[in-house]
Amino acid sequence: MAAAHASPQRSAEERVDAGAGALLGTLLGDAIGAPYEGAAATSPAKARQRAERALANAPLRYTDDTQLALALGEHLRDHPLVEHDALAEDILAVLEPWRGYGGGMLALVDEWRRGRPTEEAATAIFPDGSFGNGAAMRIAPVGVRWADEPWRLGDVAARSASLTHAHPLGVDAAVAQATAVGVAAARGRFGADEVAYVAQRAQQRLLGELLRTARSLLSDHEADADDAVVTVAEILGTDVAAQHSVPTAIWAAAAAGDVAEAVTLALALGGDVDTIAAMAGAIRGAADGAATVPGDWLAAVEEPDRVRALGEALARDALAGDASP
């Protein structure tokens, strides 16, 4: 079924480039943002200096954000609708704790290793489910794979999220991030109208309100970028709670003109910098394509060719329109 948000002007070649852009944007935001995790908010000009300092220390390693995005993306090649037990096995097969995994995630994978069923393990650590941004940070592959079928996209994103983040806000924020990537890939743009589209699809009232606020704050960036960064950080938040960091990343993607600016704005916002930058980079990369990514940035990060190839493959799967395993 054709999606209402699809753009008939976007060629198959552009869509494949968008898939690569989404995953490369994840990688760049993650690897360049990682050295500044927990940093205070600053001006966009000083954030550009942060990016330059990070790039000067190449090669830059990615964190759990990209590792889990790669695991999910590779899982989708064989299981396009997501199968919890298989995805848990895929994560266990690649997980490297030194990449910065949080204590909650490491405790969860220990439950998997002990044989606890995945449906029970999701609430074993957090009885109400986690509303952290860990499900949203890895979700870009779902947005690429299901960009043409927004309702299916939402279902698959929710299934992916609930494996590890069962709280309604954790799930809904991951769906919002996947939707943002999907609409950016389909339309070839991401601005105020696309933010409004994502907000309309939010199921949790708090998330919907914050996404609408993110849209309203876009005009502040046009008026004064420095003040806008401070305002966004204060109003939307930059911590690991998904209902804060996802709207913030969506704002950065919509306010930016390209992937580099989206990542730089995330560096300026501070807080959970690598994850916000990864999510903003994914959306902007989907909108603009891999061709717009700075070559010197790609040369500075780990495994760009692998990441590009996976994004392209997922986009081709989407164009083929076959969801059979």
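One-based numbering along the sequence shown. We use all heavy atoms of the structure for the numbers below, so side chains are in, but hydrogens, waters and symmetry mates are not.
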Does Ala291 offer a backbone N or O that forms a donor-acceptor pair with the side chain of Asp17 under 3.5 Å?
yes
With sequence neighbours left out, the residues meeting side chain to side chain donor-acceptor pair (under 3.5 Å) with His84 are Glu119, Ser162
Is it true that a side-chain atom of Arg159 and a backbone atom of Leu81 form a donor plus acceptor pair closer than 3.5 Å?
yes
Step by step, would you call Arg187 with Tyr197 a side-chain contact (heavy atoms from CB on, under 4.5 Å)?
CA-CA 12 Å; Arg187 293 184 179 179; Tyr197 174 87; 4.1 Å; yes
Donor-acceptor pair, side chain of Asp272 and main chain of Asp239, under 3.5 angstrom
no
Quick one: does any side-chain atom of Thr213 pair with a main-chain N or O of Glu209 as donor and acceptor, under 3.5 Å?
yes
Note: Arg113-Asp110 ion pair, threshold 4.0 Å (strictly below)
yes
Test your reading of the model: is there a side-chain donor-acceptor pair from Glu120 to the backbone of Pro117, 3.5 Å cut-off?
no
Report the distance from atom CZ of Arg201 to atom CG of Leu211, rounding to the nearest 0.5 Å.
12.5 Å
All pairs passing salt bridge (Lys or Arg N to Asp or Glu O under 4.0 Å) where residues 303-314 contributes a residue, at least two apart:
Glu74-Arg306, Glu303-Arg306
Using the ring of Phe190 (Phe, Tyr or Trp, six-membered ring only), decide whether Arg284 places NZ or CZ under 6.0 Å from its centre and within 45 degrees of its axis.
no
Is there side-chain contact between Ile91 and Leu72, with heavy atoms separated by less than 4.5 Å?
no
Between the side chain of Arg10 and the main-chain N/O of Ala185, is any donor-acceptor distance below 3.5 Å?
yes
Kindly say whether Pro80 contributes a backbone atom to a donor-acceptor pair with the side chain of Trp146 at under 3.5 angstrom?
yes
Would you confirm whether Thr42, through its side chain, and Ala47, through its main-chain N or O, come within 3.5 Å as a donor-acceptor pair?
no
Validation row: Thr179, Pro150 side chains within 4.5 angstrom (heavy atoms)
no
Partner of Arg138 under side-chain hydrogen bond (donor to acceptor under 3.5 Å, both in side chains), picked from Thr164, Asp65, Thr66, is Thr164
Do Asp274 side-chain atoms and Glu37 backbone N/O form a donor-acceptor pair below 3.5 Å?
no
Asp78 side, atom CG; Leu87 side, atom CG - distance, nearest 0.5 Å:
12.0 Å
Please step through side chain to side chain donor-acceptor pair (under 3.5 Å) for the pair Ser43 and Asp226, ending with a clear verdict.
CA-CA 5 Å; Ser43 69; Asp226 288 358; 4.7 Å; no
Treating Arg99 as the side-chain partner and Tyr62 as the backbone partner, does any N or O pair qualify as donor plus acceptor under 3.5 Å?
yes
Just checking, is any N or O donor in the side chain of Gln67 or Glu96 under 3.5 Å from an acceptor N or O on the other one?
yes
Taken in chain and number order and not counting sequence neighbours, the residues that satisfy side chain to side chain donor-acceptor pair (under 3.5 Å) with Glu52 are none
